[in-house]
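Some notes on the structure that comes next.
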2 protein chains.
Amino acid sequence: MSTKEKILDLAEHYIQHNGYNGFSYHDISSVLGIKNAAVHYHFPKKEELANEVIKKAQVQFENIVEKAEVYDVTYTDKVRRFLTIYDNNLRKENRVCLIGSFATNLDALPPGLNAPLAALVAAIKSWLTMVLAQGREAGEFHFRGSPGQRAALICSGMAGALQLAKILGNEEYYEIKSQLLNDLV
Amino acid sequence: MSTKEKILDLAEHYIQHNGYNGFSYHDISSVLGIKNAAVHYHFPKKEELANEVIKKAQVQFENIVEKAEVYDVTYTDKVRRFLTIYDNNLRKENRVCLIGSFATNLDALPPGLNAPLAALVAAIKSWLTMVLAQGREAGEFHFRGSPGQRAALICSGMAGALQLAKILGNEEYYEIKSQLLNDLV
DNA sequence: GAAGATACTTACTTATTAGTAAGTAAGCTA
DNA sequence: TAGCTTACTTACTAATAAGTAAGTATCTTC
């Protein structure tokens with residue numbers, strides 16, 4: 001893995017553990033055994049670094065969508081595959097949802113991050129809404145409310161679950177996840 | 001309102017808008033037209049300031065519980081009263097849940113905040129679990145899963161809803177809230 | 001009316017922050 | 001082999017951070 005990729009991974013790590021204002025270029029460089037100027041060489045501004053982290057999440061989401069398209073036959077499987085994103089965060093030493101982290105510290109963020117963040121959230125909500133609508137159409141889901149509302153609830157519930165897990169432990173996460181899935185069928 | 005109370009209110013404001021690491025004593029003092037040392041006079045360390053904010057939230061929660069005990073006859077009303085805490089955050093220029101904010105930045109927080117935070121979350125979950133259990137016993141609720149699981153889902157969903165509202169707008173919040181309530185009955 | 005407490009200000013310190021300018025060693029390219 | 005590019009280091013800067021020590025004005029209490 002290149003230094004640039006390592007920096008990006010560490011930035012992601014810190015954003016999801018400490019928040020955007022809870023880490024410095026020195027934190028990253030010291031872990032990698034390089035100087036903070038080397039981090040600035042790859043990502044001149046912290047805002048650009050955060051922007052790349054968001055882009056990476058967007059790509060990761062698009063990969064999930066693609067795999068769901070190819071491999072998953074049931075809509076439940078598609079939703080479950082989507083939720084592995086959150087599972088992975090839990091496994092990575094109790095990371096919080098990336099979007100949740102940015103949203104929480106939104107007023108202390110460079111304003112340039114707003115647009116890419118909104119685009120990512122909109123893409124996720126739109127895809128999940130579609131999957132839920134189709135799943136209901138196919139008779140697989142029987143939830144109350146509109147697919148859009150339900151999609152918003154799932155994203156919020158999962159993001160909140162990761163936060164709650166940090167304080168009360170991981171069982172909370174799995175219980176919330178299973179309820180969200182149960183309320184779908 | 002005393003300067004001390006004003007400082008506390010501003011700290012709460014910043015924690016819920018910027019996160020613990022997204023504001024400074026200078027941010028607070030400049031708004032109040034005093035010097036940063038005056039803030040240190042009332043709250044010597046930032047950790048103590050944050051601790052007082054948590055205590056304030058604990059008191060606020062206990063007031064809600066007390067009022068629910070006295071005024072609310074149905075369990076639905078008790079839950080609705082509890083959810084006004086989140087409504088108020090939304091109204092206050094889209095504040096995020098206080099606990100959610102601390103949880104998100106947990107790894108970049110003074111470790112002394114961990115215990116009071118966990119105590120607050122435990123108290124909330126415990127009370128809400130009780131209300132949901134009694135409401136189901138009384139035939140008022142018919143949700144799936146255990147009351148504890150359902151309580152965790154409601155707290156997570158509401159915290160996530162406030163975060164989602166910051167990015168996609170306030171309608172998301174109300175839709176999520178109404179779904180959480182609908183899934184109860 | 002003297003003594004102490006309250007609520008600050010002035011004037012610092014030390015540490016950390018994002019960011020930069022200039023230099024360098026190693027590898028690739030014409 | 002001369003020159004360019006890549007990936008850094010060295011050595012800064014200016015701003016901001018939390019926190020402190022000493023001084024001061026005002027109010028309260030005996």
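Naming convention: chains lettered A, B, ... in sequence-line order (proteins, then strands); numbering from 1 in each chain. The model shown is predicted, which means the values in this text are computed figures rather than measured ones.
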Ring-face cation contact, B:Tyr20 with B:Lys46, 6.0 Å cut, 45° max: yes
A:Lys4 to A:Phe43, cation-pi by 6.0 Å centre distance and 45° axis angle: yes
B:Leu32 CG to C:dA7 P, straight-line distance once rounded to whole Å: 15 Å
Whole-Å distance separating the NZ atom of B:Lys35 from the P atom of C:dC12: 14 Å
d(NE2, A:His42; P, C:dA18) in whole Å: 17 Å
Donor-acceptor pair, side chain of B:Ser101 and main chain of B:Cys97, under 3.5 angstrom: no
Ring geometry between A:His13 and A:His17 (parallel below 30°, tilted from 30 to 60°, perpendicular above 60°): tilted
Atom-to-atom span, CG of B:Asn21 to P of C:dT17 - whole angstrom: 10 Å
Cation-pi geometry met for A:Arg136 and A:Phe143 (6.0 Å, 45°): yes
Any donor-acceptor N or O pair under 3.5 Å, side chains B:Asn21, A:Asn18: no
Phosphate contact (C:dC8 OP1 or OP2) by B:Thr3 side-chain N/O below 4.0 Å: yes
Phosphate contact (C:dC8 OP1 or OP2) by B:Tyr41 side-chain N/O below 4.0 Å: no
Letter per nucleotide, 5' to 3', of nucleotides 11-28 of chain D [B base touched, S only sugar-phosphate touched, - untouched; heavy atoms, 4.0 Å]: ------SSBB--------
